[in-house]
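Written below as structure tokens is the structure these notes are about.
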Amino acid sequence: MVLIVHGFPSAVAALRFEWAWQHPQASRRLAHVGPRLRGEASFAFHLRVLAHMLRAPPWERLPLTLRWLRADFRQDLCPPPPPHVPLAFGPLPPRAPAPRRRASPLVDTEKERDHDTEAFCTLCARVLQDEEGPLCCPHAGCSLRAHVICLAEEFLQEEPGQLLPLEGQCPGCKNSLLWGDLIWLCRMGTEEEEEDLELEEVRGGSAASFPTPPHLLGCL
């Protein structure tokens, strides 16, 4: 394996991408790519297919990353990937273990819960609920916390016909933010909270499983 594409929003999306990559002649999204040319190596053909896939719906707006596991095999794609698709090298970094929260008195826990309940969306000023998974700006010193829908509408002001944002300017610190990075950070925080709850269930004597989330990727 020399090249992978990762960052899909779900395992289903990753499998559909993988299938289309391996069967471009059967995908209606890739009818414009054409069959493998006479004398064209299989590796070169799959790179050509990938280049067009990253520029075609429904994949052109996904927060994907193109990662070369073998830098000595690297080749420039034609057409090049969209600007929001970064290029990375080397193996996928290991998933960092979720930090465990220090045990605290019941009073502190209730205070923390009350504080979360009273948090408000920076954009619409409505209360943020825990289950909504508010998006937070990763830049130090920025207090942005917003509903997913509110921030998506803010980012899509210049693209009203689109559903999924690509990037935008943080309303708080004015730094440029990639939508995929914000969603990834939000999901990581949710996974850490779920693992904390599962750990507490095990300590309490109840059965619980610790599934390892798969890397959502297509590979070559």
Side-chain angles (χ1 to χ4, degrees), residues 1-27 29-30 32-34 36 40-99 133 135-139 148 152 155 162-168 170 175-192 195 210-220:
M1 189 185 303
V2 299
L3 171 67
I4 61 174
V5 180
H6 59 94
F8 295 92
S10 68
V12 173
L15 290 172
R16 287 176 174 170
F17 183 93
E18 178 77 15
W19 181 88
W21 194 2
Q22 301 300 327
H23 306 87
Q25 71 284 351
S27 173
R29 302 284 187 177
L30 301 174
H32 62 287
V33 176
R36 181 177 170 183
E40 184 179 25
S42 176
F43 183 69
F45 172 64
H46 280 90
L47 287 184
R48 180 162 63 90
V49 173
L50 174 62
H52 287 280
M53 290 183 69
L54 295 176
R55 289 283 185 174
W59 310 292
E60 62 182 344
R61 299 184 67 86
L62 294 182
L64 305 177
T65 297
L66 188 65
R67 179 177 295 273
W68 289 94
L69 303 179
R70 292 279 304 273
D72 53 324
F73 279 86
R74 178 194 171 183
Q75 297 182 26
D76 293 332
L77 300 186
C78 184
H84 68 277
V85 176
L87 190 64
F89 296 91
L92 281 165
R95 182 172 180 267
L135 300 183
C136 303
C137 179
H139 291 95
V148 174
F155 282 8
Q162 297 293 340
L163 179 64
L164 180 66
L166 295 178
E167 59 183 326
C170 174
N175 284 301
S176 180
L177 300 174
L178 288 176
W179 182 256
D181 291 345
L182 292 174
I183 297 299
W184 181 81
L185 289 172
C186 178
R187 290 179 59 184
M188 285 297 293
T190 302
E191 288 178 0
E192 289 175 0
E195 289 178 356
F210 293 85
T212 302
H215 292 303
L216 304 180
L217 51 83
C219 58
L220 173 61

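Keep in mind that this is a model prediction, so the values were computed, not measured.
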- Please confirm whether the backbone N or O of Leu164 pairs with a side-chain atom of Arg61, one donor and one acceptor, at under 3.5 Å? yes

- Sub-3.5 Å donor-acceptor pair from the side chain of Arg67 to the main-chain atoms of Gly90, do we have one?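 Yes, the answer is positive, given that a donor and an acceptor are paired below the 3.5 Å cut-off.
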
[atom1]-[atom2] distance between [X] and [Y], expressed to the nearest 0.5 angstrom:
X	Y	atom1	atom2	result
Ser27	Gln22	OG	CD	12.5 Å
Asp76	Leu47	CG	CG	10.5 Å
Leu50	Gln75	CG	CD	11.5 Å
Leu178	Leu166	CG	CG	8.5 Å

Quick check: do [X] and [Y] have side-chain heavy atoms less than 4.5 Å from each other?
X	Y	value
Trp21	Leu30	no
Leu62	Pro9	yes
Arg70	Met1	no
Pro24	Val49	yes
Phe8	Leu64	yes
Ile4	Thr65	no
Arg36	Ser42	yes
Leu66	Val5	yes

For [X] and [Y], which heavy atoms make the closest approach, and how far apart are they?
X	Y	result
Trp179	Val148	CH2-O, 3.5 Å
Cys137	Cys170	SG-SG, 3.8 Å
Phe45	Gly34	CE1-O, 3.9 Å
Met53	Ala20	CE-CB, 3.8 Å
Leu182	Cys136	CD2-O, 3.5 Å
Arg29	Pro57	CD-O, 3.3 Å

- Who pairs with Arg48 by salt bridge (Lys or Arg N to Asp or Glu O under 4.0 Å), at least two apart in sequence or on another chain?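 Checked Arg48 against salt bridge (Lys or Arg N to Asp or Glu O under 4.0 Å); matches are Glu40.
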
- Test side-chain contact (heavy atoms from CB on, under 4.5 Å), reference His84, set Pro86, Pro81, Pro82, output is Pro82

- Query: For Leu87 and Arg74, what are the C-alpha separation, side-chain angles and deciding distance, and is it a side-chain contact (heavy atoms from CB on, under 4.5 Å)?
  - Reply: CA-CA 11 Å; Leu87 190 64; Arg74 178 194 171 183; 3.5 Å; yes

